[in-house]
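Only one structure is covered here, and it is reproduced in the block below.
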Number of protein chains: 2
Amino acid sequence: MPLDERKKNILKAVVDDYIATAEPVGSKALVNRYHFNVSSATIRNEMAELEEQGYLEQPHTSAGRIPSDKGYRAYVDSLLQVEDLTAAEEEKIRVVMRDSLDELTGMIRTASTLLSEKTGYTSLALSPKLNHSHLQQIKMLMIEPGRALVVVVLSAGVVKDRLARVPEVLDASQLVQIAAAIEEGLSGMKLDDITLVTVATAARNIRLPENLLNQVMYEAYVAIKQADNLEVYMEGSHKLLSYPEFQDVHKAREYLDILNRDGIIAGYMTELKEQPLMIDGDAESGSDGQIKRSPTRPQASYVVRIGQEIMLEGLTDCSFVTTTYKMGDVVAGRIGVIGPRRMAYGKVISNISFIKQILNEEIRRLTTGEDRMEVHQK
Amino acid sequence: MPLDERKKNILKAVVDDYIATAEPVGSKALVNRYHFNVSSATIRNEMAELEEQGYLEQPHTSAGRIPSDKGYRAYVDSLLQVEDLTAAEEEKIRVVMRDSLDELTGMIRTASTLLSEKTGYTSLALSPKLNHSHLQQIKMLMIEPGRALVVVVLSAGVVKDRLARVPEVLDASQLVQIAAAIEEGLSGMKLDDITLVTVATAARNIRLPENLLNQVMYEAYVAIKQADNLEVYMEGSHKLLSYPEFQDVHKAREYLDILNRDGIIAGYMTELKEQPLMIDGDAESGSDGQIKRSPTRPQASYVVRIGQEIMLEGLTDCSFVTTTYKMGDVVAGRIGVIGPRRMAYGKVISNISFIKQILNEEIRRLTTGEDRMEVHQK
DNA sequence: AATTAGCACTCTAAGCTCGAGAGTGCTAAT
DNA sequence: ATTAGCACTCTCGAGCTTAGAGTGCTAATT
């Protein structure tokens, strides 16, 4: 059975209040703080029903109610009104993003830092997945005998480089020659399709002793593959300690341990799919307890995972709000926020949406070369 | 008055015990756990004197003693015996360090990570100060019209690069030409001595419209200056939450806040001097309370700052152990550990000393080009 | 003179009780 | 359908008590 208007209002008020205060919300407090034209007894009845339907929980019998995962879910999906940022806030984000280096990972880092600053939670960002990019150039620059810088340029306009050891007997021109051959043979190929074999094929006509060539080829291969290394940027992980739900040091530690454990977050964010999440209606409330997405936000461009939905041991008191950013037309990576379940969803969503938008714009600017020729300043 | 042998032993036992348990140490516990051939009453008298002289403190009248800053200082300076790492531990460090990328900052990061892992505390590292290095090469590689990669090679064998915007009308050969001119004009100069003016002088003979040239020169200049950017690597800042002294969330948060506050740590580590620290003997105990450095460790190559000595608000419950690493013969940067004052100094010092040594070796290997031609593996 | 046994004293930490207060669910009246 | 009223429940903090660890001092011992 869908919630009637009044229940929705009450649920919304409870969630709002709990988000603001972190204290269980009682019927009286609700009547006082919000303007329902009914008595606390009525509210009590409604709250009891909301609890029965699984939207609210009681920490103990004589306490107020707090939202359950399902309650937050309903709140996020259809009750919350997301306000736009103020012009000033938008401007600040624009300025900071524009001042970040003309470089992809720098931008993403900046976006992540901004997100953490603006929301007060921990921000996370995944470096772009470039395996569908095409190799455009590969250059080798001799630094000194035995060492070379391998520069890989991808179709997306992304530049990666790597210092490599090369045989000392090679001179700069030989190196350039090898790089040219590899570039000619491979350019236009998708990163995914490049293997040691294809590299070798590209270089087969070089007239050099095989063992020398092999080493250089290998380094080229590594440099190319490394261009697609997945990285995770995290900012503000300590900010969570301010929130009452992490006052218990054990919780806080568990939380920080998980965030710092290699690969967990990266893996999780990589797996995350945009698809709408199925809420398991539990046996009692039946599967009809679901709430439809508000028609005013037909295709939200962010994903919210609340509490248990995260499915990561130890983060059940948290919520995840993420979104993707694009390079060209293809989803390249993900950026988001993790914080207490009792998160200021409205603020987070408006910030994340806007930052995503600006990030996409900046990336487009970067990768298409369309450009403002700004005046440099110190 | 210097401490007699028994007092030293007692002080050492107290510090050892307190480091191990985080509990104030009483006279009885001391007699039980260590084998003094005297009664607890004697120990009590001795401890009272040690307190009078400022080496120990009492949290409250009927508790055991804990070391004061001065007590720790004495412990570190002359009581502590630093054991070498086991062969296995040394080997592990060697292996990890050797497997790190052939790149300076990567090595320092690896060293920092290792340090945190091996000690269980937060590790800190400062990127090398390169302002005394000489410019060796500067190359510009056209990525696409309007964008170029500026590669800066320093005398130390350090390579830094940076994506730059250049006027779209420039072609690759013009760019190479400009870079060559700048390189010719500047190579051999100290980073410190390079200014916009010297760059301009180097490029004065290029026949290009001034506004185009200016932009490229500016980018070259920025790339060169940026090669010496100071960076701080921090690893394992969350590990501190495990220790009882940070069970109080406010303390923990304060601690993490400071570590994450931009510039504080960088500034502090930059300022740190190797000079032996003056202990202010307070009025009561007189200035003769100082303890001479043990002759067996005539010039310890590390700096220990304990509690108040750190002189950073909010870190008074911490200790800092740092050391420097070199490039060539000149001190380049600093690497260290921050943890609770009740720190396992022995373990930290042996690890830091060894890691410093290996780091120096690896840097030498890197910067002199002296090399093992290892077999590459996936 | 140094050491030690003995003891009174101090202080904390943990456990306990208890009452205030907030909140609930239920019933009966509106 | 709503609400006033009320008995009931539960938590939280204050205040109290006690066990135990540790001390400092004194007087006896070596």
Side-chain angles (χ1 to χ4, degrees), chain A residues 1 3-11 13-15 17-18 20-68 71 244-245 247-249, chain B residues 1 3-11 13-15 17-18 20-68 71 244-245 247-248 284:
Chain A
M1 88 211 58
L3 298 178
D4 61 40
E5 210 51 34
R6 190 169 67 190
K7 279 213 182 58
K8 280 189 187 172
N9 285 337
I10 292 174
L11 179 53
V14 172
V15 178
D17 209 73
Y18 186 64
T21 65
E23 300 284 332
V25 188
S27 55
K28 244 177 185 157
L30 223 46
V31 174
N32 288 340
R33 271 196 281 261
Y34 304 81
H35 310 92
F36 296 105
N37 295 320
V38 291
S39 77
S40 67
T42 309
I43 301 285
R44 261 204 297 289
N45 291 331
E46 294 282 52
M47 283 170 90
E49 280 183 57
L50 281 168
E51 181 172 1
E52 219 166 297
Q53 294 172 64
Y55 293 103
L56 296 179
E57 289 171 354
Q58 248 179 326
H60 54 265
T61 355
S62 74
R65 303 302 207 292
I66 62 175
S68 67
E245 31 273 275
Q247 284 313 81
D248 176 22
V249 185
Chain B
M1 86 212 62
L3 298 178
D4 62 41
E5 210 50 35
R6 192 170 66 188
K7 279 215 182 55
K8 280 188 188 174
N9 286 335
I10 292 174
L11 178 55
V14 171
V15 179
D17 209 73
Y18 186 64
T21 65
E23 300 285 332
V25 188
S27 55
K28 244 178 185 157
L30 223 47
V31 174
N32 288 340
R33 272 196 280 263
Y34 304 81
H35 310 92
F36 296 106
N37 297 319
V38 292
S39 75
S40 68
T42 311
I43 301 287
R44 261 204 297 290
N45 291 331
E46 294 283 50
M47 284 170 90
E49 279 183 57
L50 281 168
E51 183 172 359
E52 219 164 302
Q53 292 171 67
Y55 293 102
L56 296 179
E57 290 170 354
Q58 249 179 325
H60 54 265
T61 356
S62 75
R65 276 14 188 250
I66 62 175
S68 66
E245 29 274 275
Q247 283 315 79
D248 176 23
E284 264 187 85

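Below, chain A is the first sequence line, B the second, and so on; all start at residue 1.
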Item to complete: Could you tell me which residues satisfy side-chain contact (heavy atoms from CB on, under 4.5 Å) with A:Thr61, sequence neighbours excluded, listed by chain and number?
Response: none
Worksheet item: Does OP1 or OP2 of C:dA2 have a side-chain N or O of B:Arg44 closer than 4.0 Å?
Response: no
Worksheet, complete the sentence: For A:Asn32, the side-chain contact (heavy atoms from CB on, under 4.5 Å) test, sequence neighbours excluded, returns none
Discussion item. Can you pull out every salt bridge (Lys or Arg N to Asp or Glu O under 4.0 Å) where at least one residue sits in residues 31-46 of chain B? Sequence neighbours excluded, please.
Written reply: B:Arg6-B:Glu46, B:Lys7-B:Glu46, B:Asp17-B:Arg33
Discussion item. Before you tell me yes or no, could you show the steps for A:Val14 and A:Tyr55 under side chain to side chain contact (heavy atoms under 4.5 Å, CB included), namely the whole-Å CA-CA distance, both residues' side-chain angles and the distance that decides it to 0.1 Å?
Written reply: CA-CA 10 Å; A:Val14 172; A:Tyr55 293 103; over 6 Å; no
Worksheet item: What is the distance from CG of B:Asn45 to C1' of C:dT4, rounded to the nearest Å?
Response: 9 Å
Practice prompt. Calculate, to the nearest 0.5 Å, the distance between atoms CD and OG belonging to B:Gln58 and B:Ser68 respectively.
Written response: 12.5 Å
Discussion item. Run the side-chain contact (heavy atoms from CB on, under 4.5 Å) test against A:Glu245 and tell me which residues pass, sequence neighbours left out.
Written reply: A:Tyr243, A:Pro340, A:Arg342
Fill in: Contiguous Watson-Crick or G-U pair runs (3 or more, under 3.5 Å) in DNA chain C
C:1-30 with D:1-30
Discussion item. Quick check for you: name the first and last nucleotides of DNA chain D, 5' to 3', having an atom under 4.0 Å from a heavy atom of chain A.
Written reply: D:dT2 to D:dT11
Discussion item. Show the nearest heavy-atom pair for residues B:Ile66 and B:Pro24, with the distance to one decimal.
Written reply: CG2-CA, 3.8 Å
Worksheet item: Looking at DNA chain C, which of residues 23-35 of chain A put a heavy atom within less than 4.0 Å of it?
Response: A:Gly26, A:Ser27
Under 3.5 Å, N/O pairs linking protein and nucleotides 10-13 of chain C:
{"unit_1": "C:dT10", "atom_1": "O2", "unit_2": "B:Ser62", "atom_2": "OG", "d": "3.2"}
{"unit_1": "C:dC11", "atom_1": "OP1", "unit_2": "B:Thr61", "atom_2": "OG1", "d": "3.4"}
{"unit_1": "C:dC11", "atom_1": "O4'", "unit_2": "B:Ser62", "atom_2": "OG", "d": "3.3"}
{"unit_1": "C:dC11", "atom_1": "O2", "unit_2": "B:Ser62", "atom_2": "OG", "d": "3.0"}

Practice prompt. Output the distance between atom CG (B:Leu50) and atom CG (B:Leu56), rounded to the nearest 0.5 Å.
Written response: 5.0 Å
Worksheet item: Under the 3.5 angstrom rule, does the side chain of A:Ser27 hit a backbone N or O of A:Ile43 as a donor-acceptor pair?
Response: no
Worksheet entry | Working for side chain to side chain contact (heavy atoms under 4.5 Å, CB included), residues B:Thr42 and B:Phe36 | CA-CA 10 Å; B:Thr42 311; B:Phe36 296 106; over 6 Å; no
Fill in: Shortest non-hydrogen contact between B:Val25 and B:Tyr18, atoms and distance
CG2-N, 3.9 Å
Fill in: Residues which pass side-chain contact (heavy atoms from CB on, under 4.5 Å) with B:His35, listed by chain and number, not counting sequence neighbours
none
Item to complete: Return each pair, listed once, that meets salt bridge (Lys or Arg N to Asp or Glu O under 4.0 Å) where at least one residue sits in residues 53-65 of chain B; pairs must be two or more places apart or across chains.
Response: B:Glu51-B:Arg65
